[in-house]
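Everything on this sheet refers to the single structure shown next.
The shown structure was predicted, so the numbers you read here are calculated from the model rather than taken from an experiment. Chain A is the first sequence line, chain B the second, and so forth, proteins listed ahead of strands; every chain is numbered from 1. FYI, side chains are in, hydrogens and waters are out, and symmetry mates aren't considered; it's all heavy atoms of this structure.
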Number of protein chains: 2
Amino acid sequence: MPQFDEAVGRVVATDPAAADEVAALQGTLTKPPGSLGRLEGVSVRLGAIARRCPPPVPAPAAVAVFAGDHGVVAEGVTPWPQEVTAQMVANFCGGGAAVNVLARHVGADVLVVDVGVAGELPDMPGLRQVKVRAGTGNIAVEPAMTAAELGRALDVGAQAASDLVGLGARCLLTGDMGIGNTTPSAALIAAFTHLPAAAVTGRGTGIDDERLAMKIKVVAQAVGRLGADEPPAVVLAEVGGLEIAALAGFIVGGAAAGVPVVLDGVIAGAAALSAVAMVPAAGGYLFAGHRSSEPGATVALEHLGLEPLIDLELRLGEGSGACLALPILQAAAKITHEMASFGAAGVSGRIDG
Amino acid sequence: MPQFDEAVGRVVATDPAAADEVAALQGTLTKPPGSLGRLEGVSVRLGAIARRCPPPVPAPAAVAVFAGDHGVVAEGVTPWPQEVTAQMVANFCGGGAAVNVLARHVGADVLVVDVGVAGELPDMPGLRQVKVRAGTGNIAVEPAMTAAELGRALDVGAQAASDLVGLGARCLLTGDMGIGNTTPSAALIAAFTHLPAAAVTGRGTGIDDERLAMKIKVVAQAVGRLGADEPPAVVLAEVGGLEIAALAGFIVGGAAAGVPVVLDGVIAGAAALSAVAMVPAAGGYLFAGHRSSEPGATVALEHLGLEPLIDLELRLGEGSGACLALPILQAAAKITHEMASFGAAGVSGRIDG
């Protein structure tokens, strides 16, 4: 895992001194203390990540959409045919998917990465073909991937992060595509939080009660093969996914590059739990873009200590929720650059303050 | 009230047929049905407002910040000196306040309107001086304003909406500034929702328990002067504010012009209750930008049937929360223009669908 291991070695804890400086700066700006609510906390965390005050505006931004297929679709966990993964990769490259629209809207670039799509894809603009394997094993009955394949998927993600930051990105957004991928995500969240499958498994893009019961059974079966305290890499290889592993590598790569990483929904939550289990300091670089309506998403964010920036009941994935949150992150930084202080603007303070 | 009355006459119910068309269009786009959550509902409402499908992107946008003072500050309801209202008007015109930073960030223009600031203001770029009265009466003991003053304040707001739309704005955002204005807002919300003062009165920009108890008493006293079923204009004149009345006129003016109006926090909520009490059809044009941490804000939004787009514990006012919500509204519209359909993108549908 050369790229991933190199990234792991470069992740440092975020800077509490810079955080304190931003908090103090917020107190001088022409507004009642704390009146910008969570926007102020976001600016403080951006300062800690950038190790300076005021924090740089997290722009330009780039979203990486990692695509992979899942052997577990054989169990009937989703009503969508597996070929939709490849079809949606083409849609991403053509610019017609939700993530394209939302990324354009917020000024973020989109990189599409085939790390595990079943079947061959033609060359397409914006597509990075670094397939590790044509879909995972069926986690109901077998490991998702081997340890070597996991290492390669982690490398794919870490490399994408490093490349995007090298091209100028100062904020990374997670995206994903993979028919069936809420199933391994639920398994990872169950494994890392020690909660039962039923508490973390949801309806994904929309399934009925019968299919949900079977999905919960599959998740429980997969997690049941794990010992009590397996190393995170073993968990990820056994019940994860190729795009989820790449996302974990991407998160660690973003943290290694010192930029904020904005998580999308439940797939990103599962990847973030994996990443932080492997590299705890990476957690300091994470923002929760939104709260997906998948139950596992809320569980994952609570476990990560993250409050979502947006809560609009999205359950699409692709990076859609991360894109919608980006302007909020940027606004938080701009406040610290552009707002006048009480002194400079000649505004009186509180009589009792 | 020539401008306001003219606006009232032009408000029409939003168009359910266009709403249905947008809902049907959403079902053809390359995503699981409903997976963009509340973004889909926003696009449907934008279609109803614009009376067409797909709905136009609500841009350019403009925020009008109405400023006024409040005689009730004599009761000690706020720790901020009254001169801060005028000082902040200067800060808005200088571009250094939070609303300026956030409006620039989302590409919205800012118009500052003195409708009731105590004392004279110098001419400043971006300031419209249409003062109706130099601050309201003290609502603890007397009416906020006369019926004639209310009419002029409503006109100021309706005129601002009409002018901004005339200059090209296709989305209006509400903003406000007025030291002490959470007190009349609480009184209006109590009056229009028939809830007790304690249920709708909050700490505003930050007050202690003692001051809060007194503020609740003042709100109860003001509302206590009203009969059981006073006409909305009587309520607004008795316990309202000049900037709140102007905001009510602005909301009706925006609805009359057929554009979406994005509410900021609790002051906007009070103004919207007033506007909708006077002109029920105006409610169809409203979006709740965010959920202010003031308790009255949540009460007002529930009464209006609006779900906030953002919930970041802001309690600043000025239009800050409305600005932060604007990119979400625009994203919702762009989805309906730019996303590919299943057919055009060659993406398969659900096997069971």
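Rounded to the nearest 0.5 Å, atoms CZ (B:R315) and CG (A:L36) are 9.5 Å apart. Note that the CD atom of A:E313 and the CD atom of B:E307 stand 7.0 Å from one another [nearest 0.5 Å]. The line from CD of B:Q330 to NE2 of A:H105 is 5.0 Å long, rounded to the nearest 0.5 Å. Note that CG of A:N100 and OG1 of B:T30 are 8.5 Å apart. Values are rounded to the nearest 0.5 Å. Between the CG atom in B:L314 and the CZ atom in A:R38 there is a gap of 10.0 Å [rounded to 0.5 Å].
Taking chain A as the reference chain and counting heavy-atom pairs below 4.5 Å, the highest number among B:E83, B:E40, B:K334 is found for B:K334. Ranked by heavy-atom pairs under 4.5 Å with chain A, the list B:I335, B:L324, B:T78 is led by B:I335. The choice from B:K31, B:H337, B:R104 that makes the most heavy-atom pairs within less than 4.5 Å of chain A is B:R104. Ranking A:V106, A:L102, A:D311 against chain B, the residue ahead of the rest is A:L102, based on heavy-atom pairs under 4.5 Å. For the set A:S320, A:G96, A:S35, the entry with the most heavy-atom pairs within less than 4.5 Å of chain B is A:S35. The choice from A:P327, A:A345, A:G94 that makes the most heavy-atom pairs within less than 4.5 Å of chain B is A:P327.
Contact between A:P81 and B:G349 at its shortest, heavy atoms only, is CD-O, 3.2 Å. A:L316 and B:P32 get closest at one heavy-atom pair: CD1-CD, 3.6 Å.
When each of B:N91, B:V99, B:V101 is checked for a side-chain contact (heavy atoms from CB on, under 4.5 Å) with A:M339, only B:V101 meets the rule. Across A:Q82, A:Q87, A:M88, a single residue satisfies side-chain contact (heavy atoms from CB on, under 4.5 Å) together with B:S348, and that is A:Q87.
Looking at B:L309, the atoms closer than 4.5 Å to chain A (heavy atoms on both sides) sit in the backbone and in the side chain alike. For B:A90, no part lies near chain A; criterion is any non-hydrogen pair under 4.5 Å. Neither the backbone nor the side chain of B:F92 comes within less than 4.5 Å of any heavy atom in chain A. For B:E338, the parts lying near chain A are the backbone and the side chain together; criterion is any non-hydrogen pair under 4.5 Å.
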B:I328 vs A:I310, test: side-chain contact (heavy atoms from CB on, under 4.5 Å). Steps then yes/no. CA-CA 10 Å; B:I328 295 175; A:I310 280 181; 4.0 Å; yes

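Residues B:V42 and A:L312 have side chains not in contact (no heavy-atom distance under 4.5 Å, counting atoms from C-beta outward).
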